[in-house]
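The structure appears right after this line, and notes come after that.
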Amino acid sequence: MRRLLGGVTLAGLVAGLVMGFAIAPREATQGNVQRIMYLHVPSVWVAYLAFGVVLVASVVYLMRRAEAADRLAHASAEVGVLFTGLTIATGSIWGKPTWGAWWTWDARLTSVSILFVMYLGYLLLRGMIEDRERGARFAAVLGIVAAFNVPLVHFSVYWWRTLHQPPSLMKPGPGTMPDIIVAALLVNFAAFTLLYVYFVTRRARVLRLEAEAEA
Amino acid sequence: MVWKDLLVERRSKETLNALFFFGLLLLFVFQFALGPDRERLAGTLPGLLWLGFILSGLLALGRTFVVERENDCWEGLLLAPGDKSAIYVGKLAGNLLLMLAIEAILLVLFGFFFNLDLANVLPGLAVVIALGTVALAAVGTLFAAMTAQVRARELLFPVLLLPVEAPVLLATVKATEAVLLGETLGSVAHWLKLLAAADVVYVAVGVLTFDFVLEA
């Protein structure tokens, strides 16, 4: 089952890369640089997905005290931080040629980076508590606070300043992107989601084995 | 709970005295870091003011539960009958009063050193400060209870608190800036609504999750 998931994920990623980098047309104004979108946008989707899973797993843990839920929250937070980092990195690489700077305090850059440090703190808290049960409880509380903070961060930063190009997908009215680009993007969305599931299940399994080895 | 903490504070005055001195030192440091140029200082004033509030708040809030440990009252807290959320609300109220007292002192010091005309803007400023302080104290009290039980708590507490408070800081600084420039509160209504929403969310999450933080 794990092998199969891994294989499908790999095939999806290769298909996504081929579609994004070879088949999809070159963007008229930005040129080939724009193709990094096929990695950038799915990364941020996975990051939000991962932090949503942290919230749900944290609530389940506090209510049921199921250790599996705690391991899921832990694994998901780690993968989420990884993909938030990837989002920032790909965004920087995209930003340098198009905006002329690696980093600006634009609204979405800022909110993603706040997310990044918030969940880094979450992982730090987990690392600093030896007692497994107490660590799980505290991390769950922090996971809930952080998730509820996401909309507040979003609005505050949005009002603070904005420079980012508006999202081209999922906005009302006729789409501005040709079908082939949408298709390539969707393939990448699916592949990244599979990659997320693959990473989280592997990581949760390692956490379970670690706990068993300690017990 | 509030009564007990306030009584302890009134008797000892240790936190308030130390924090008053800390606030004074902060003003010196800000002044030295930015130089004597009044124009430049005026532009950064809302940010400096909230930086002062947050830094002294970090010190005050971080001590909330550490004192219980130092005085061997921790077990008493855990064994206290009734709902644990009552302890949270009590600690939160105590922290709120302490922080508001420090902020009032800092505000007067800022007015004195930076030649601010506070009387005209005070009502608006009070609203912004009250809303922002509730948000700071609500999360701070919850996190202080967690980090009091962890090693390296002095390090972990600000590391957890600062990113979570980022939206509160943005909102309060923007709103303070507008108020100091003599604009009405209506012009920053969206920031005030955000702060009010943050207050409600943080206090609600704190009340609901505090049970799990104070388990034996």
Side-chain angles (χ1 to χ4, degrees), chain A residues 51 55 58-65 69-70 81 84 105 107 109-162, chain B residues 88 132 135 138-143 145-175 177 188-216:
Chain A
F51 296 144
L55 169 67
S58 299
V59 172
V60 170
Y61 176 76
L62 287 183
M63 283 165 61
R64 298 267 171 80
R65 295 303 161 100
D70 171 54
V81 167
T84 316
W105 290 102
L109 267 82
T110 313
S111 70
V112 167
S113 56
I114 293 175
L115 227 59
F116 188 62
V117 288
M118 212 156 60
Y119 283 91
L120 266 184
Y122 174 93
L123 294 181
L124 204 63
L125 175 73
R126 276 197 178 267
M128 280 204 174
I129 307 179
E130 291 95 357
D131 184 278
R132 198 174 282 280
E133 190 268 341
R134 176 185 287 170
R137 256 191 296 126
F138 287 5
V141 171
L142 183 56
I144 292 170
V145 173
F148 276 103
N149 213 26
V150 170
L152 293 172
V153 170
H154 181 86
F155 280 110
S156 65
V157 169
Y158 183 78
W159 288 328
W160 191 48
R161 57 181 36 208
T162 190
Chain B
Y88 174 74
V139 185
T141 307
L142 182 67
F143 284 5
M146 291 203 288
T147 50
Q149 308 172 54
V150 180
R151 69 193 154 89
R153 64 175 85 93
E154 302 84 357
L155 193 61
L156 200 55
F157 180 62
V159 164
L160 295 184
L161 188 62
L162 288 179
V164 173
E165 298 290 3
V168 176
L169 187 60
L170 288 180
T172 48
V173 169
K174 279 287 172 192
E177 195 176 281
V188 287
H190 57 300
W191 286 118
L192 298 180
K193 278 182 200 152
L194 183 97
L195 283 175
D199 290 348
V200 172
V201 169
Y202 293 158
V203 173
V205 172
V207 166
L208 290 175
T209 59
F210 196 71
D211 247 0
F212 303 106
V213 172
L214 224 58
E215 251 169 45

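Lettering of chains follows the sequences in order, A, B, ..., and the numbering in each one begins at 1.
- Contact of A198(B) with chain A is made through backbone and side chain together, with heavy-atom distances under 4.5 Å.
- Counting only residues at least two apart or on different chains, the salt bridge (Lys or Arg N to Asp or Glu O under 4.0 Å) pairs with a member in residues 115-128 of chain A are D70(A)-R126(A).
- Side-chain contact between M146(B) and F157(B) is absent, with no heavy-atom pair separated by less than 4.5 Å.
- Interatomic distance, L161(B) CG to T141(B) OG1, rounded to the nearest 0.5 Å: 9.5 Å.
- Rounded to the nearest 0.5 angstrom, K174(B) NZ and L192(B) CG are separated by 14.0 Å.
- Contacts of F143(B) with chain A are made by side-chain atoms alone, with heavy-atom separations under 4.5 Å and no backbone atom involved.
- We find the CZ-OG distance between F212(B) and S58(A) to be 11.5 Å, quoted to the nearest 0.5 Å.
- Comparing T209(B), L169(B), V173(B), L170(B) by heavy-atom pairs within less than 4.5 Å of chain A, the highest count is held by L170(B).
- Contact check for V139(B) versus E165(B): side-chain heavy atoms found under the 4.5 Å cut-off.
- For Y119(A), the ring pair (Phe, Tyr, Trp, His ring centres under 6.0 Å) test picks out F51(A), with sequence neighbours left out.
- With a 4.5 Å cut-off on non-hydrogen atoms, L194(B) touches chain A through its backbone and its side chain both.
- Contact annotation for residues 147-154 of chain B against chain A (heavy-atom separation below 4.5 Å, listed by residue number): Q149(B), V150(B), R151(B), A152(B).
- Using a 4.5 Å cut-off between heavy atoms, L208(B) does not touch chain A at all.
- Contact count versus chain B (heavy atoms, under 4.5 Å) is highest, among L62(A), I144(A), L142(A), for L62(A).
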Review item, side-chain donor-acceptor pairs of residues 148-157 of chain A, under 3.5 Å, at least two apart:
unit_1	atom_1	unit_2	atom_2	d
N149(A)	OD1	Y202(B)	OH	2.5
N149(A)	ND2	V164(B)	O	2.7
S156(A)	OG	L152(A)	O	3.1
S156(A)	OG	V153(A)	O	3.0

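- Closest non-hydrogen pair, L160(B) versus G121(A), comes out as CD2-O, 3.3 Å.
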